[in-house]
A.B. asks: 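The structure that follows is given in the form of structure tokens.
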Amino acid sequence: MHHVHTIAADQPFLDSLIEGLLGWDRERLADTLLLLPSRRACLAARDVFLRVSGGAPLLLPRLVPIGEPDEPGLLIDPALESALPPAIGPVRRQLLLTRLVQAREPGMPLEQAVRLAAELARFLDELHNEEVDLAGLDTLVPADLADHWQQTRVFLQLLAQAWPPILDAEGCLDPAHRRRLVVDALGTGWQRAAPRHPVVAAGVTGSIPSVARLLARIARLPDGMVVLPALDRTIDGAGWDAVGPTHPQYGLKRLLDLMDMDRSAVRSWPDGGPVLLHPRVELWNHVLRPATTTEDWRHQMPLPAEATAGLEVAV
């Protein structure tokens with residue numbers, strides 16, 4: 001059974017989420033692990049808890065950032081954290097990559113080498129987040145392309161061949177790689193034995209594959225919940241099927257597919273009530289229909305006047 005909810009686009013997400021959580025028993029709320037997209041979201045949630053509760057004494061749930069690529073430290077399970085090598089520090093990694101670049105291109109100015117090292121570090125994190133094998137980097141640039149592309153090939157080979165031994169000598173992992181290992185190990189552990197406390201993942205869309213897998217696991221926990229931001233449940237089946245990679249709803253669609261969950265099974269937060277949208281939101285849902293289905297506009301019921309009040313349409 002899946003436990004997946006959504007908060008409509010016309011509702012303030014954190015306020016609505018926390019108002020729902022404050023309806024829980026206080027002891028249960030204090031035991032909850034609340035996973036949010038970023039550290040900024042965790043800090044904002046603390047402020048909203050204080051405001052919505054009217055400043056009353058309250059034991060907050062455990063707030064942990066998990067959804068963004070730039071949040072390498074999870075600190076959910078100390079046992080998992082201690083079982084893995086540490087993440088290499090950003091300054092140390094920058095220094096080592098700079099040395100690697102200078103060794104390959106001795107005449108390169110230091111400033112340029114530092115910039116290139118920073119780009120390589122960001123590229124490493126993207127590879128680990130998308131779970132791309134470093135061993136396949138040599139094949140990304142065909143041998144018959146222009147010289148400047150061959151220069152790119154050289155630096156990709158540095159990452160594939162020279163960087164892993166340097167990391168091994170440091171006894172460290174790339175931050176994004178370590179983060180992925182922690183997330184996958186956490187999901188595997190929860191599959192073997194469900195946590196004895198509630199787990200709520202809110203506002204996280206699963207843009208990172210390992211996080212998406214963890215969300216799928218949370219949705220199946222006996223006391224787990226996933227709260228999605230602004231899932232469009234009003235678009236018809238043909239429109240939803242046509243949602244592609246360039247559409248704002250594509251990330252949520254991909255996540256539901258990973259969960260093997262039908263969109264109609266997603267419930268409103270917190271009580272599963274009917275979908276009630278402001279007319280202006282309905283209008284935007286129509287505007288954002290996939291281009292291949294815009295002919296269905298004429299089959300839609302007329303929108304109320306308040307949906308288009310104050311709008312000017314340029315033709």
Side-chain angles (χ1 to χ4, degrees), residues 2 4-6 13 17 33-42 44-45 62-77 80-81 83-88 90 93 118-137 140 159 163 167 172-191 195 199-221 224-231 243-261 266:
H2 301 82
V4 182
H5 301 259
T6 187
F13 186 85
L17 172 70
L33 173 62
L34 179 56
L35 304 176
L36 294 171
S38 63
R39 296 184 188 278
R40 180 177 296 180
C42 291
R62 187 179 173 200
L63 305 173
V64 176
I66 195 173
E68 297 297 332
D70 59 350
E71 297 290 353
L74 297 181
L75 302 177
I76 296 176
D77 188 330
L80 291 180
E81 293 281 341
L84 292 171
I88 189 169
R93 182 167 69 162
E119 292 296 329
L120 290 174
R122 282 190 288 271
F123 185 57
L124 273 170
D125 287 339
E126 290 179 11
L127 291 175
H128 288 304
N129 284 328
E130 296 301 324
E131 302 179 6
V132 176
D133 188 355
L134 288 176
L137 289 182
L140 289 182
L159 293 184
W163 181 243
L167 269 185
C172 295
L173 296 171
D174 280 310
H177 184 201
R178 187 178 190 278
R179 181 180 185 278
R180 171 159 58 95
L181 295 177
V182 171
V183 170
D184 282 340
L186 186 65
T188 300
W190 283 351
Q191 184 175 8
V199 179
V200 179
V204 184
T205 59
S207 58
I208 302 173
S210 60
V211 173
R213 291 193 294 271
L214 184 63
L215 294 179
R217 173 55 47 199
I218 292 171
R220 292 182 173 90
L221 291 175
M225 297 180 188
V226 175
V227 185
L228 301 176
L231 174 68
V243 167
T246 61
H247 194 277
Q249 291 282 312
Y250 180 72
L252 296 176
K253 179 184 178 183
R254 185 175 59 178
L255 179 60
L256 292 179
D257 289 343
L258 176 66
M259 292 179 175
D260 193 23
M261 182 177 186
V266 178

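Positions are given from 1, in the same order as the sequence printed here.
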A.B. asks: Name all residues meeting the side chain to side chain contact (heavy atoms under 4.5 Å, CB included) criterion together with Ala45; count only those two or more places apart in sequence or in a different chain, and write none if there are none.
C.D. replies: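 For Ala45 the side chain to side chain contact (heavy atoms under 4.5 Å, CB included) partners, ignoring immediate neighbours, are Leu14, Ile18, Leu36, Leu63.
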
A.B. asks: Taking only residues two or more places apart in sequence, or in another chain, which ones meet Glu131 in a side-chain hydrogen bond (donor to acceptor under 3.5 Å, both in side chains)?
C.D. replies: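 Counting only residues at least two positions away or on another chain, Glu131 forms a side-chain hydrogen bond (donor to acceptor under 3.5 Å, both in side chains) with Arg213.
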
A.B. asks: Under the rule for side chain to side chain contact (heavy atoms under 4.5 Å, CB included), what residues qualify as partners of Thr205, not counting sequence neighbours?
C.D. replies: Ser207, Pro229, Leu252

A.B. asks: Quick one, Leu228 with Leu256, criterion side-chain contact (heavy atoms from CB on, under 4.5 Å). Give me CA distance, side-chain angles, the key distance, then yes/no.
C.D. replies: CA-CA 10 Å; Leu228 301 176; Leu256 292 179; 4.2 Å; yes

A.B. asks: CG/Leu255 to OH/Tyr250 distance, rounded to the nearest 0.5 angstrom?
C.D. replies: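 So the gap between those two atoms works out to 12.0 Å.
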
A.B. asks: Just jot down the side-chain hydrogen bond (donor to acceptor under 3.5 Å, both in side chains) partners of Arg93, sequence neighbours excluded, or say none.
C.D. replies: Asp125, Asp174

A.B. asks: With Arg180, which residues qualify under salt bridge (Lys or Arg N to Asp or Glu O under 4.0 Å), at least two apart?
C.D. replies: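 For Arg180, no residue satisfies salt bridge (Lys or Arg N to Asp or Glu O under 4.0 Å) once neighbours in sequence are set aside.
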
A.B. asks: So do the side chains of Cys172 and Pro85 get within less than 4.5 Å of each other, counting heavy atoms only?
C.D. replies: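 No, every pair of side-chain atoms sits at 4.5 Å or beyond.
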
A.B. asks: Decide yes or no for Ile88 and Pro175: does some side-chain heavy atom of the first lie under 4.5 Å from some side-chain heavy atom of the second?
C.D. replies: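 In contact.
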
A.B. asks: Are any of the side-chain heavy atoms of Leu221 and Gln191 separated by less than 4.5 Å?
C.D. replies: no

A.B. asks: Please name the pair of heavy atoms, one in Gly187 and one in Arg217, separated by the smallest distance, quoted to 0.1 Å.
C.D. replies: O-CG, 3.8 Å

A.B. asks: Please give me the minimum heavy-atom distance between Gly206 and Arg254, naming the atom from each residue.
C.D. replies: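 Smallest interatomic distance, heavy atoms only, reads O-NH2, 4.2 Å.
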
A.B. asks: Go through the steps for Val266 and Met261 under the test side-chain contact (heavy atoms from CB on, under 4.5 Å), then give the verdict.
C.D. replies: CA-CA 8 Å; Val266 178; Met261 182 177 186; 3.9 Å; yes

A.B. asks: Rounded to the nearest 0.5 Å, how far does CE of Met225 lie from CG of Leu35?
C.D. replies: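 Atom-to-atom, Leu35:CG and Met225:CE are 13.5 Å apart.
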
A.B. asks: What distance do Leu231 atom CG and Gln249 atom CD have between them, rounded to the nearest 0.5 Å?
C.D. replies: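 Output value for this atom pair is 5.5 Å.
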
A.B. asks: Would you check if the side chain of Ser210 reaches a backbone N or O of Asp184 as a donor-acceptor pair within less than 3.5 Å?
C.D. replies: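 No, the answer is negative, given that no donor and acceptor are paired below the 3.5 Å cut-off.
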
A.B. asks: Quick one: pull up CG in Asp260 and CZ in Arg220 and give me the separation to the nearest 0.5 Å.
C.D. replies: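 Separation between the atoms: 6.5 Å.
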
A.B. asks: Heavy-atom distance under 4.5 Å between the side chains of Leu214 and Leu186, does that happen here?
C.D. replies: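 Answer yes - side chains close enough.
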
A.B. asks: As an exercise, state the distance from CD1 of Ile218 to CE of Met259, rounded to the nearest 0.5 Å.
C.D. replies: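 Here the interatomic distance stands at 8.0 Å.
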
A.B. asks: Before you tell me yes or no, could you show the steps for Leu33 and Val200 under side-chain contact (heavy atoms from CB on, under 4.5 Å), namely the whole-Å CA-CA distance, both residues' side-chain angles and the distance that decides it to 0.1 Å?
C.D. replies: CA-CA 6 Å; Leu33 173 62; Val200 179; over 6 Å; no

A.B. asks: What are the two closest non-hydrogen atoms of Cys42 and Pro65, and how far apart are they?
C.D. replies: SG-N, 3.7 Å

A.B. asks: Tell me every residue that passes side-chain hydrogen bond (donor to acceptor under 3.5 Å, both in side chains) with Glu119, counting only those two or more places apart in sequence or in another chain.
C.D. replies: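 Once residues adjacent in sequence are excluded, the partners of Glu119 under the side-chain hydrogen bond (donor to acceptor under 3.5 Å, both in side chains) criterion are Arg122.
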
A.B. asks: Rounded at 0.5 Å granularity, tell me how far CZ in Arg39 sits from CD1 in Ile66.
C.D. replies: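 Rounded to the nearest 0.5 Å, the CZ-CD1 separation comes out at 12.0 Å.
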
A.B. asks: Between Trp163 and Leu120, is a side-chain contact (heavy atoms from CB on, under 4.5 Å) present by the stated rule, with each step listed?
C.D. replies: CA-CA 11 Å; Trp163 181 243; Leu120 290 174; over 6 Å; no

A.B. asks: My understanding is that only residues two or more places apart in sequence, or in another chain, count here; which of them pass side chain to side chain contact (heavy atoms under 4.5 Å, CB included) with Leu181?
C.D. replies: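 If we apply the side chain to side chain contact (heavy atoms under 4.5 Å, CB included) test to Leu181, skipping adjacent residues, the hits are Leu84, Leu173, His177.
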
